[in-house]
Structure formats: C-alpha cells, structure tokens
Amino acid sequence: MEKLYLIATIAGQPVAIRASLVDSVVDLGAIAPVPLARPHVAGLAALRSKVLTVICCECSLGLPLTPGTRRAVVVSIDGNHYGLLVGSIEDACVIDEAPQPIRARLEPGWARCAIGMLEYHGDALLLIDPERILAGPEEALAA
C-alpha cells in the first residue's frame, strides 16, 4: 500500500495523495457554513450519520475558489474525519518510483503543502500532505 496513490486535481493541478491516508472519496450534498470558522473551513457535511468537517483545498493553498466543488477526499487525522474538496478524482494507481524532491519554485501555498514529486504517465504530480492542507494558511504564517 506504500506505493498506492490517489490522483486528484486541485485548482487544475494534478496531485497525488498516499492512498493509506484516504478513507473514501465522496460527492457531498449540502455543506453547512460554520460561523467564525477560518476561511479554508468550508463547513460541515453529513457523511454516513457522522459530521464531516469540509476543508477547501484551494482556500488553504491561497488560490481562487472554484465554485460548485463537491467532490471530497475523506481523510482521518487524529481520529477526526475531514473532507478535502478537490476538483476531480483521476485515478488510484501504483507508482513504483519513490517521491523525488521538488526542484521547481512553487507558489507559497503549494510549497507549504507539497512534500515531493512523482512521475505518472509522463506527468509531474505534486505529492501533498493532507495535514498541511488541513492546517490552513494561518499556521504557515505563524511558523
């Protein structure tokens, strides 16, 4: 399972997430806003009789919001479930090569959340850390 990745897009950028961190992929219905929540917290949604905190990946990365995004990658972090809003889910695949260091200059949000690069069918994929997406932009400024 170490070499299995979920391929998705965030703001049109192909990204990889380690499959071992992914609980499921879902299409969300209504998302209830949370008053006074940080800007990257899109709100709360119901998922299998549980409350799911929904995180806008684009907002966490400091990118313009794509309206209508409802597909989410569900991850469990510290016993809590979060839905990371993504543009699309492309594939789940095995990538044998180990992640490589990032050798390109990235926008600050991407630089904070990307932990390596992978090559898949000739495309460069950013390997992202869901915990860094969850942390949001404020933690990056405080560090």
Side-chain angles (χ1 to χ4, degrees), residues 1-32 34 37-143:
M1 187 104 155
E2 176 75 20
K3 297 179 180 186
L4 184 62
Y5 298 91
L6 178 71
I7 310 302
T9 61
I10 299 174
Q13 169 69 44
V15 299
I17 302 170
R18 290 188 191 279
S20 60
L21 303 175
V22 175
D23 286 345
S24 60
V25 175
V26 296
D27 289 317
L28 297 175
I31 299 173
V34 178
R38 295 178 33 224
H40 72 291
V41 177
L44 302 174
L47 178 66
R48 300 180 205 109
S49 302
K50 294 183 182 177
V51 176
L52 180 71
T53 303
V54 181
I55 304 297
C56 175
C57 292
E58 293 168 338
C59 295
S60 179
L61 293 165
L63 303 171
L65 180 63
T66 304
T69 303
R70 294 286 184 201
R71 174 130 315 165
V73 175
V74 178
V75 297
S76 179
I77 299 172
D78 295 330
N80 298 304
H81 287 87
Y82 299 91
L84 306 178
L85 292 176
V86 297
S88 64
I89 302 297
E90 303 298 324
D91 201 358
C93 61
V94 172
I95 300 176
D96 289 321
E97 291 78 27
Q100 299 298 310
I102 299 170
R103 292 188 170 86
R105 181 180 160 113
L106 299 176
E107 303 259 340
W110 287 113
R112 177 178 53 82
C113 295
I115 56 175
M117 292 198 75
L118 295 164
E119 187 173 326
Y120 178 64
H121 292 305
D123 291 330
L125 303 172
L126 288 175
L127 177 60
I128 61 168
D129 181 349
E131 287 192 49
R132 294 180 184 185
I133 293 280
L134 176 63
E138 288 83 15
E139 272 64 21
L141 296 175

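Values below: every heavy atom of this structure, side chains too, minus hydrogens, waters and symmetry copies.
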Q: Go through the steps to decide whether Asp91 and Tyr120 satisfy the test side-chain contact (heavy atoms from CB on, under 4.5 Å), and finish with yes or no.
A: CA-CA 11 Å; Asp91 201 358; Tyr120 178 64; 2.5 Å; yes
Q. Checking side-chain contact (heavy atoms from CB on, under 4.5 Å) for the pair Leu126/Leu106: CA distance, chi angles, key distance, verdict?
A. CA-CA 10 Å; Leu126 288 175; Leu106 299 176; 4.1 Å; yes
Q.
Apply side-chain contact (heavy atoms from CB on, under 4.5 Å) to residues Arg112 and Ser60 and explain how you reach the verdict.
A. CA-CA 10 Å; Arg112 177 178 53 82; Ser60 179; 3.4 Å; yes
**Q.** Derivation and outcome, side-chain contact (heavy atoms from CB on, under 4.5 Å), residues Ile89 and Arg71
**A.** CA-CA 8 Å; Ile89 302 297; Arg71 174 130 315 165; 3.2 Å; yes
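Between Val54 and Ala45, the closest heavy-atom pair is CG2-CB, 3.8 Å. Across all non-hydrogen atoms, the minimal contact from Ala16 to Ile7 is CB-CD1, 4.0 Å. Scanning both residues, Gly12 and Pro14, for their nearest heavy atoms gives O-CD, 3.5 Å. Considering every non-hydrogen atom in both Pro130 and Ile17, the closest pair reads CG-CG2, 3.9 Å.
Side-chain N or O atoms of Glu58 include one that pairs as donor or acceptor with a backbone N or O of Thr66 at under 3.5 Å.
The side-chain heavy atoms of Leu4 and Ser20, taken from C-beta on, include no pair separated by under 4.5 Å. Side-chain contact check for Arg18 versus Glu2: some heavy-atom pair is nearer than 4.5 Å. For the pair Leu125/Tyr5, no side-chain contact is recorded, criterion being any heavy-atom separation below 4.5 Å from C-beta on. For the pair Leu28/Leu52, a side-chain contact is recorded, criterion being any heavy-atom separation below 4.5 Å from C-beta on. Using a 4.5 Å heavy-atom cutoff, the side chains of Leu6 and Val15 are not in contact. Put simply, the side chain of Val86 does not reach to within 4.5 Å of the side chain of Thr9, judged on heavy atoms. At least one side-chain heavy atom of Arg48 sits less than 4.5 Å from a side-chain heavy atom of Ser24. A 4.5 Å side-chain heavy-atom check between Arg132 and Ile115 finds at least one atom pair inside the cut-off.
Each of Leu85, Val73, Val41 was compared with Ile55 under the side-chain contact (heavy atoms from CB on, under 4.5 Å) criterion, and only Val41 meets it. Evaluated for a side-chain contact (heavy atoms from CB on, under 4.5 Å) with Lys3, the options Asp96, Leu118, Ile95 yield exactly one hit, Asp96.
Rounding to the nearest 0.5 Å gives a distance of 11.0 Å between CG of Leu65 and SG of Cys57. Note that the CG atom of Asp23 and the NE2 atom of His81 stand 4.0 Å from one another [nearest 0.5 Å]. Rounding to the nearest 0.5 Å places OG1 of Thr53 at 11.5 Å from CD1 of Ile31. One finds the CG atom of Leu134 at 4.5 Å from the CD1 atom of Ile77 (value rounded to the nearest 0.5 Å). Here the CG-SG distance, from Leu127 to Cys113, works out to 11.5 Å after rounding to the nearest 0.5 Å. One distance of note links CG of Leu84 with NE2 of His40; it measures 9.5 Å at 0.5 Å rounding.
Other residues, nucleotides and ligands place no more than 12 heavy atoms under 6.0 Å from the CG atom of Asp78.
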